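Reviewing the structure listed below.
Read the numbers this way: they start at 1 and go in the same order the structure lists the ligands and their atoms. What you see is a predicted model; the values in this text were computed from it and never measured.
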Amino acid sequence: MTSILQQNDPDIFDAIENEVRRQNDGLELIASENFVSRTVLQAMGTALTNKYAEGLPGKRYYGGCQYADVVEDLARDRAKELFHADWVNVQPHSGASANAAVYLAVMKPGETFLGLDLSHGGHLTHGSPVNFSGILYRAEYYGVEKEGPLAGRIDMNRVREKALAIRPVMISIGASAYSRDFDYASFRSIADEVGAVLWLDMAHTAGLIATGILNDPMEHCHIVSTTTHKTLRGPRGGMILIGNDFENPFGKVAPKSGRVKNMGELLDSAVFPGTQGGPLMHVIAAKAVAFAEALQPEFKVYSEQVVLNAAAMAEAFIEAGYQVVSGGTDNHLVLIDLRNKGLTGKEAEAALQRAEIAVNKNMVPFDDKSPFVTSGIRLGTAAMTTRGLGEEEFRSVVALVDRVLSNVSDEGVMSEVRLSILEICRRFPLYDSVLA
Ligand SMILES: Cc1ncc(COP(=O)(O)O)c(C=O)c1O
């Protein structure tokens with residue numbers, strides 16, 4: 001296979017080879033990334049990509065779907081087992097696609113929803129003015145506290161006050177840069193009080209939820225969406241789940257029978273034909289493989305280590321004089337406010353990049369800089385924990401990050417740090433060839 005690609009398209013082969021080398025030889029601390037297994041990679045690079053399978057297993061719009069059905073049924077069964085869900089749709093091409101289907105199923109254009117402020121850790125698809133969610137719907141926000149005992153955390157009393165004031169159709173939970181767990185029971189009681197649908201986007205923390213390390217949302221949230229490629233360690237993609245399927249409150253009916261659809265049926269048609277065409281069957285196969293991996297006891301051990309490593313990283317940053325938002329972490333990520341270090345997120349990201357350390361600049365709560373500059377960086381442990389790093393190595397990683405950030409224009413320091421990183425990467429190998 002390698003030689004076919006190399007022979008027939010050397011330009012693409014070379015670019016992939018360079019990317020694999022970059023992943024092998026650098027420190028991957030981007031909180032939304034992970035490294036999939038060779039099994040997942042293999043499932044993705046298959047002839048399933050050739051197959052159109054619009055519809056659902058047993059109800060397709062194309063012939064020849066018998067094996068696609070086997071694949072999708074396995075993916076659905078495994079996802080349900082993993083999250084103790086009653087219903088699942090594994091077809092969303094990405095997290096953003098999954099979320100688009102949630103909005104289409106639940107809201108009408110112009111209606112109001114309440115979500116976590118983007119600058120306090122929320123995601124673009126939770127109401128940003130440049131995203132469909134903020135363009136088509138009226139987004140209102142809750143945020144984290146600026147000071148006091150809940151500094152950097154969500155105060156549920158304020159969420160309730162806001163919900164009572166605006167009476168949203170939907171309340172969303174979930175974040176890209178929030179390092180604390182959510183109180184789903186309180187969110188649900190607020191949603192019930194105002195008659196809202198409660199939706200969790202667990203894109204970042206799905207793996208930690210599947211393994212029972214973080215609170216279980218399934219019995220509290222009406223709808224749960226996710227990506228499959230972050231802590232869940234599957235291929236890039238999305239998915240929507242329901243803990244207990246419920247009658248939809250909007251009275252939308254199935255066209256033929258005139259029967260009121262339940263929420264699962266509404267979401268299925270919001271994915272296809274609502275927002276997508278044919279599912280990516282090769283990716284669904286890779287999702288099925290990843291779900292089976294996540295059901296193994298080793299994945300729980302891995303996920304526990306992800307959280308231990310993040311806690312060790314937060315502690316080491318605090319000891320080195322950094323401001324960790326909310327004072328620590330419950331999950332896989334740490335958000336650092338760099339304002340006391342006289343650096344912007346943009347400068348820190350660029351300096352770390354020169355030392356082969358990948359992080360991303362990130363807004364911090366109450367940031368006074370633009371999203372292109374930012375005052376913070378976000379670091380995660382999911383990817384490097386997959387390579388085998390433990391708490392001791394993560395403490396060394398923090399020391400290297402600190403060296404870079406304390407010497408941003410010293411190229412001598414950068415080369416020394418690069419050597420130390422190469423040494424860590426050699427000790428914890430990743431992929432051994434272009435096609436892994
Ligand atoms: C909370 C959350 N939701 C949705 C997404 C979007 O996922 P995707 O990039 O697969 O569209 C992300 C991506 O970072 C995310 O963090």
Inset, instruction - Evaluate the ring planes of Phe132 and Tyr137, with Trp represented by its six-membered ring, and classify them as parallel (under 30°), tilted (30 to 60°) or perpendicular (over 60°). - result: perpendicular
Legend entry - For ligand 1, the residues whose heavy atoms come within less than 4.0 Å (ordered by chain, then number): Ser94, Gly95, Ala96, Asn99, His123, Ala175, Ser176, Asp201, Ala203, His204, Thr227, His229, Lys230
Inset, instruction - Compare every heavy atom of Val364 with every heavy atom of Ser375, then report the nearest pair and how far apart it is. - result: CB-CG2, 3.9 Å
Legend entry - Salt bridge present between Arg138 and Glu140 (N-O < 4.0 angstrom): yes
Legend entry - Quiz item: cation-pi between Arg233 and Tyr302, 6.0 Å / 45°: yes
Return a table of donor-acceptor pairs under 3.5 angstrom between the side chains of residues 25-32 and protein atoms on other chains or two or more places apart.
residue: Asp25; atom: OD1; partner: Arg426; partner atom: NH1; Å: 3.0
residue: Glu28; atom: OE2; partner: Ile30; partner atom: N; Å: 3.2
residue: Ser32; atom: OG; partner: Arg378; partner atom: NH2; Å: 3.3

Inset, instruction - Please work out whether the ring planes of Tyr142 and Phe187 are parallel, tilted or perpendicular, with thresholds of 30° and 60°. - result: tilted
